[in-house]
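All residue numbers refer to positions in the sequence shown, counting from 1. Counting starts at 1 for both ligands and their atoms, in listed order. As a basis for the values below, the full set of heavy atoms in this structure was taken, side chains included, without hydrogen atoms, waters or symmetry mates.
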Amino acid sequence: MIIKPFKEPIFVTRPLLPDLKKVTKRLEKVWSSQWLTNNGPQHIILENKIKQFLKVENVSLFNNGTIALIVACQALKLKGEVITTPFTFAATTHVLKWNNITPVFCDIEKDTFNIDADKIEKLITPKTSAILAVHVFGNPCNVEKIQRIAKKYNIKVIYDAAHAFGTEIDGKGIGTFGDVTMFSFHATKLFHTAEGGALVMNDKALKQDIDYLKNFGIKTEEEIIKAGINGKMNELQASVGIEVLELVKREWKKREIIRREYIKNLSKIEGIGILDYPKNIHSSYQYFPIVIDEKKFGRSRNFIHSELKKYNVISRKYFYPLCSNFECYREFKSSNKKNLPIANEIANNIITLPFYGALNLSDVKTICYIIKTLKK
Ligand code: T4K
């Protein structure tokens with residue numbers, strides 16, 4: 001069978017786009033109110049809807065996930081060192097840097113790509129103020145073990161759940177674990193507001209602090225009680241979000257079908273590893289990564305990535321390079337590759353395939369067929 005390149009590029013993801021008429025109708029309300037930002041009516045609606053959807057006590061919406069995470073570190077008064085994963089998007093580590101905190105990189109688990117909780121304790125020093133863990137690709141970290149460690153050493157836990165919108169463990173919202181959890185609502189995320197994000201937390205007083213911090217520290221017209229920043233979500237973002245949220249459950253069903261099709265076609269190929277979810281997990285279905293075992297598959301990840309491009313399939317090497325190998329972090333003691341063997345191995349061999357509800361099943365089959373033909 002001769003496969004021709006796709007006419008249009010097939011990207012790693014595409015944003016969920018609600019009916020434009022519905023968004024416009026909502027925007028008409030925004031226009032007539034002349035209220036464009038600063039905790040407006042659409043913001044209040046979205047915050048409440050997200051609270052219910054994520055099964056959490058408190059939500060604070062933000063203009064993006066990175067600012068949200070920076071504010072989370074400020075609110076928890078983190079300093080010194082924070083133990084974190086190198087296998088993540090640049091933002092996770094940069095946020096520590098922006099708070100004058102030294103990231104201490106911990107290796108990851110081979111099966112989940114999440115921070116290896118068994119390796120955290122030996123990295124704790126008197127300077128450690130928190131653990132910043134990432135639920136990579138929407139698969140939850142070992143939240144119980146992380147909580148036990150945090151309690152033992154009296155340190156905080158922040159989760160970067162940028163990929164984990166709607167992830168649940170035994171029916172419990174992923175945002176109920178740790179001191180504070182960040183979600184990203186970037187256009188590439190399952191649920192999005194074009195740009196946006198949120199912090200969620202169990203502690204109501206912490207939400208109050210965070211709400212001040214994201215609004216310049218303003219308490220009243222004449223009282224500025226904290227050195228805050230501008231992290232506010234505006235009414236245009238919130239309007240988009242309200243309509244996108246309506247589509248998330250249907251999108252999950254579509255992604256589940258696509259995931260099954262990938263698994264059907266790829267799981268029996270020697271040298272291809274697929275991320276599995278335990279039975280008690282409801283996944284957010286964010287990204288479809290595979291790990292290439294070059295010895296068994298006969299070809300490298302980089303080869304597959306560039307060959308797919310020839311067919312107009314734009315896969316991504318999430319997350320390569322590792323944060324610990326960035327120029328700005330590679331001199332840190334914890335960045336030594338010897339201490340991060342699994343993270344380095346996964347980063348060098350992982351590839352994320354196109355994964356979004358609007359993807360045709362026949363296109364998924366074709367992508368799998370192309371990959372099969374690449375095997376040596
Ligand atoms: N923590 C983690 C673990 C994260 O993954 C992220 C963000 C953050 C923190 C920070 O959250 P935010 O501050 O962003 O809220 C993208 C996103 O920009 C970034 O939000 C995301 N993670 C990261 C994993 O992916 P790029 O540079 O790979 O994006 P880009 O522009 O190459 O987009 C990827 C593909 O998506 C494109 O090839 C096509 C498609 N796309 C993209 C956009 C922007 C669309 O179809 N439409 C669009 O509007 O970083």
Identify, for atom 15 (O) of ligand 1, the protein heavy atom at the shortest distance, and state residue, atom and that distance. Ser184 OG, 2.7 Å

Nearest-contact summary for atom 40 (C) of ligand 1 - protein heavy atom, Å: Thr13 O, 3.2 Å

Among all protein heavy atoms in this structure, tell me which lies nearest to atom 44 (C) of ligand 1, with the distance rounded to 0.1 Å. His186 CE1, 3.8 Å

Just wondering, are more than 12 heavy atoms of other shown residues or ligands nearer than 6.0 Å to NZ in Lys375? yes

Lys119/Glu109 ion pair, N-O < 4.0 Å: no

If we only count N/O pairs under 3.5 Å, is Val12 in contact with ligand 1? no

Cation-pi, Phe297 ring and Lys376 (6.0 angstrom, 45 degrees): no

Proximal atoms of ligand 1 relative to Arg14 (non-hydrogen, under 4.0 Å): 45 (C), 46 (O)

Under 4.0 Å to a heavy atom of Ala162 - the qualifying atoms of ligand 1, by number: 1 (N), 2 (C), 3 (C), 4 (C), 6 (C), 9 (C)

closest protein heavy atom to atom 42 (C) of ligand 1 is Thr188 CG2, 3.7 Å

Has Arg148 got its NZ or CZ under 6.0 Å from the middle of the six-membered ring of Tyr153, at an angle within 45 degrees of the ring axis? no

Using a strict threshold of under 4.0 Å (side-chain N to carboxylate O), is an ion pair present between Glu294 and Arg299? no

Any donor-acceptor pair under 3.5 Å linking the side-chain atoms of Ser129 with those of Glu81? no

Does the Lys NZ or Arg CZ of Lys214 fall within the cation-pi geometry relative to Phe62 - under 6.0 Å from the ring centre and within 45° of the axis? yes

Nearest neighbour in protein (non-hydrogen) for atom 7 (C) of ligand 1: Phe89 CD2, 3.3 Å

Nearest neighbour of atom 48 (C) of ligand 1 from the list Ala187, Ala90, Ala161, on a heavy-atom basis: Ala187

Do Lys232 and Asn38 get their side chains close enough for a donor-acceptor pair, meaning under 3.5 Å? yes

If you measure every N or O of Glu195 against every N or O of ligand 1, does any of those distances drop under 3.5 Å? no

Does ligand 1 have any atom sitting under 4.0 Å from a heavy atom of Gly196? yes

Identify the closest protein heavy atom to atom 34 (C) of ligand 1: which residue and atom is it, and at what distance? Arg316 NH1, 3.6 Å

Looking only at side chains, do Asn99 and Gln74 share a donor and an acceptor under 3.5 Å apart? yes

Nitrogen or oxygen atoms of Tyr318 and ligand 1 under 3.5 Å apart: yes

Is Lys264 paired with Glu261 through a side-chain N to carboxylate O contact shorter than 4.0 Å? yes

Could Asp203 and Lys207 be called an ion pair, given the rule that one side-chain N must be under 4.0 Å from one carboxylate O? no

Which of the atoms of ligand 1 are close to Lys189, meaning less than 4.0 Å from one of its heavy atoms? 5 (O), 7 (C), 19 (C), 20 (O), 21 (C), 22 (N), 23 (C), 24 (C)

Pair Asn302, Lys317: side-chain N/O donor-acceptor within cut-off below 3.5 Å: yes

Considering the heavy atoms of Ala91, write down every atom of ligand 1 situated less than 4.0 Å from one of them. 8 (C), 9 (C), 10 (C)

Within 45° of the axis and under 6.0 Å from the centre of the six-membered ring of Phe288, does NZ or CZ of Arg259 qualify? no

Could you check atom 13 (O) of ligand 1 against the protein and tell me its nearest heavy-atom contact, residue, atom and distance included? Thr66 OG1, 2.6 Å

Take atom 50 (O) of ligand 1 and look for protein heavy atoms under 4.0 Å from it; say yes if you find one, no if not. yes

Atom 47 (N) of ligand 1 - nearest protein heavy atom and its distance: Pro15 CD, 3.6 Å

Give the numbers and elements of all ligand 1 atoms closer than 4.0 Å to a heavy atom of Met182. 9 (C)

Taking non-hydrogen atoms only, is Asp160 closer than 4.0 angstrom to ligand 1 via side chain, backbone, both or neither? side chain

Pull out every atom of ligand 1 sitting under 4.0 Å from any heavy atom of Thr88, numbered as shown with elements. 3 (C)

Quick one: which ligand 1 atoms are inside 4.0 Å of a heavy atom on Tyr287? 24 (C)

Tell me the nearest of His94, His163, His135 to atom 5 (O) of ligand 1, using heavy-atom distances. His163

How about Lys372: does its NZ atom have over 12 heavy atoms from other parts shown lying under 6.0 Å from it? yes

Between His94 and Phe326, how do the two ring planes meet: parallel, tilted or perpendicular, split at 30° and 60°? tilted

Within the structure, is a non-hydrogen atom of Thr92 found at a distance of less than 4.0 Å from ligand 1? yes

Nearest heavy atom to atom 37 (C) of ligand 1: which of Tyr356, Phe62, Phe11 does it belong to? Phe11

